[in-house]
K.L.:
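Below you'll find the structure I mean.
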Amino acid sequence: MIAPADTGCAGPGAARGPVIAVVGPSGVGKDSLMSGLAVADPRLRSMRRVITRAPEAGGEDYQPVSEAEFAALVAADVFALHWQAHGLHYGIPRDIEKLRLGASGVLVNLSRAVLLQAQEVFDDFRVISVTASAEVLAARLSARGREDAAEVQRRLARASLALPEGLQQVYEVDNSGALSAAIVQAQAIIQAERA
Ligand SMILES: Nc1ncnc2c1ncn2[C@@H]1O[C@H](COP(=O)(O)OP(=O)(O)OP(=O)(O)O)[C@@H](O)[C@H]1O
Ligand SMILES: O=P(O)(O)OC[C@H]1O[C@H](OP(=O)(O)O)[C@H](O)[C@@H]1O
């Protein structure tokens, strides 16, 4: 059972905010940036993902499921998007459309590999590409301690995956420095697009 998206008190006539994909290499600060943005603007919502990651892994708020449960959800057409990465399965429930009602945007952590598909699925779709140097990524993944050394190396090897050609709205945020500065950069992008 997928926990329903919390749409607050948005009525059926409420405007729908854009889907804002936050993407970039492991360790770049996607979840940290999303958390900071949502705290600063409560009308910005974060989409809870369904992931075959162990419940105790920590970090983002996600719905942990087994691989069998994930396959059943795919078969039941629950997901608007799903993909595999890092040996895990990730799904974005179709409930995201409810979360968009009355929101200034819905932030979602997506794989760079599914962005063109996401652009087809969502009628108002933007991409925030978060960047940081390879040295910074390595230091952050090591300090975070969520993955073992081998998995950290595998994630770092994927860092240079390029964004696909053909994306219509892509904005870069440099998170090499203070997280607060990256949050301000991202807020300016989101607010400018809202105008
Ligand atoms: N600007 C920053 N300065 C210092 N540390 C940061 C900054 N941004 C994020 N971090 C830290 O770096 C680590 C990785 O951040 P986070 O988990 O948000 O990255 P991510 O891109 O979501 O990674 P993954 O894709 O692996 O989940 C965390 O420990 C986080 O607290
Ligand atoms: O390298 P790419 O394909 O862009 O992203 C790989 C995976 O990393 C991120 O998830 P998480 O932050 O590890 O949970 C993305 O959402 C994707 O699932």
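When a ligand or atom number is given, it counts from 1 through the structure's own listing order.
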K.L.:
Is Asp31 close to ligand 2, meaning an N/O of one under 3.5 Å from an N/O of the other?
P.N.:
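Among all N and O atoms of Asp31, none is under 3.5 Å from an N or O of ligand 2.
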K.L.:
Which pair of heavy atoms, one from Lys30 and one from Asn109, lies closest together, and at what distance?
P.N.:
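Answer, listing the atom of Lys30 first, then Asn109: CE-OD1, 3.5 Å.
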K.L.:
Strictly under 4.0 angstrom, heavy-atom based: which residues surround ligand 1?
P.N.:
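Correct list: Pro25, Ser26, Gly27, Val28, Gly29, Lys30, Asp31, Ser32, Arg140, Arg144, Arg146, Arg155, Asn175, Gly177, Ala178, Leu179.
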K.L.:
Test of understanding: with salt bridge (charged side-chain N to carboxylate O under 4.0 Å, His left out), list the residues that count as partners of Arg112, not counting sequence neighbours.
P.N.:
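By the salt bridge (charged side-chain N to carboxylate O under 4.0 Å, His left out) rule, Arg112 matches no residue at all.
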K.L.:
Taking the six-membered ring of Tyr62, is the NZ or CZ of Arg53 close enough (under 6.0 Å from the centre) and on axis enough (within 45°)?
P.N.:
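Checked: cation-pi criterion met.
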K.L.:
State which residues pass salt bridge (charged side-chain N to carboxylate O under 4.0 Å, His left out) with Arg140; sequence neighbours excluded, sorted by chain then number.
P.N.:
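If we apply the salt bridge (charged side-chain N to carboxylate O under 4.0 Å, His left out) test to Arg140, skipping adjacent residues, there are no hits.
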K.L.:
Measure the distances from the heavy atoms of Tyr62 to every atom of ligand 2 and state whether one is below 4.0 angstrom.
P.N.:
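It does not, in that no heavy atom of Tyr62 comes within the 4.0 Å cut-off of ligand 2.
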K.L.:
Just to be sure I'm reading this right: ignoring hydrogens, which of Glu147, Arg49, His86 gets closest to atom 14 (O) of ligand 2? Compare them by their nearest heavy atoms.
P.N.:
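Closest candidate by heavy-atom distance is Arg49.
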K.L.:
With a 4.0 Å cut-off, would you call Arg100 and Asp123 a salt bridge?
P.N.:
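Counted as a salt bridge, because a side-chain N and a carboxylate O are separated by less than 4.0 Å.
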K.L.:
Nearest heavy atom to atom 4 (O) of ligand 2 wins, so pick from Arg53, His89, Arg112.
P.N.:
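That would be Arg112.
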K.L.:
Can you tell me if Leu110 contacts ligand 2 (heavy atom of the residue under 4.0 Å from the ligand)?
P.N.:
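Yes, Leu110 has a heavy atom closer than 4.0 Å to ligand 2.
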K.L.:
Could you pull out all residues at least two apart from Phe70 that satisfy ring pair (Phe, Tyr, Trp, His ring centres under 6.0 Å)?
P.N.:
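In terms of ring pair (Phe, Tyr, Trp, His ring centres under 6.0 Å), with neighbours along the sequence ignored, Phe70 is linked to Phe79, His89.
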K.L.:
Between the side chain of Ser26 and the main-chain N/O of Arg155, is any donor-acceptor distance below 3.5 Å?
P.N.:
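Such a contact is absent between Ser26 side chain and Arg155 backbone.
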K.L.:
If you take the nearest heavy atom of each of Asn109, Leu115, Ile92, Leu88, which one is closest to atom 12 (O) of ligand 2?
P.N.:
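Heavy atom nearest to atom 12 (O) of ligand 2 belongs to Asn109.
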K.L.:
Could you tell me the separation between the CG atom of Leu141 and the CD atom of Glu151, rounded to the nearest 0.5 Å?
P.N.:
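Leu141 atom CG to Glu151 atom CD measures 9.0 Å (nearest 0.5 Å).
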K.L.:
Backbone, side chain, both or neither: what part of Ser111 comes under 4.0 angstrom of ligand 2, heavy atoms only?
P.N.:
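Both backbone and side chain.
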K.L.:
Who's the nearest protein heavy-atom neighbour of atom 17 (C) of ligand 2, and how far?
P.N.:
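I find the closest protein heavy atom is Trp83 NE1, 3.5 Å.
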K.L.:
Under a 4.0 Å N-O cut-off, is there an ion pair linking Arg146 with Glu56?
P.N.:
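Answer for the salt bridge query: no.
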K.L.:
Among all protein heavy atoms, pick out the one at the shortest distance from atom 13 (O) of ligand 2; state its residue, atom name and that distance to 0.1 Å.
P.N.:
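Here the closest protein heavy atom is Arg155 NH1, 3.1 Å.
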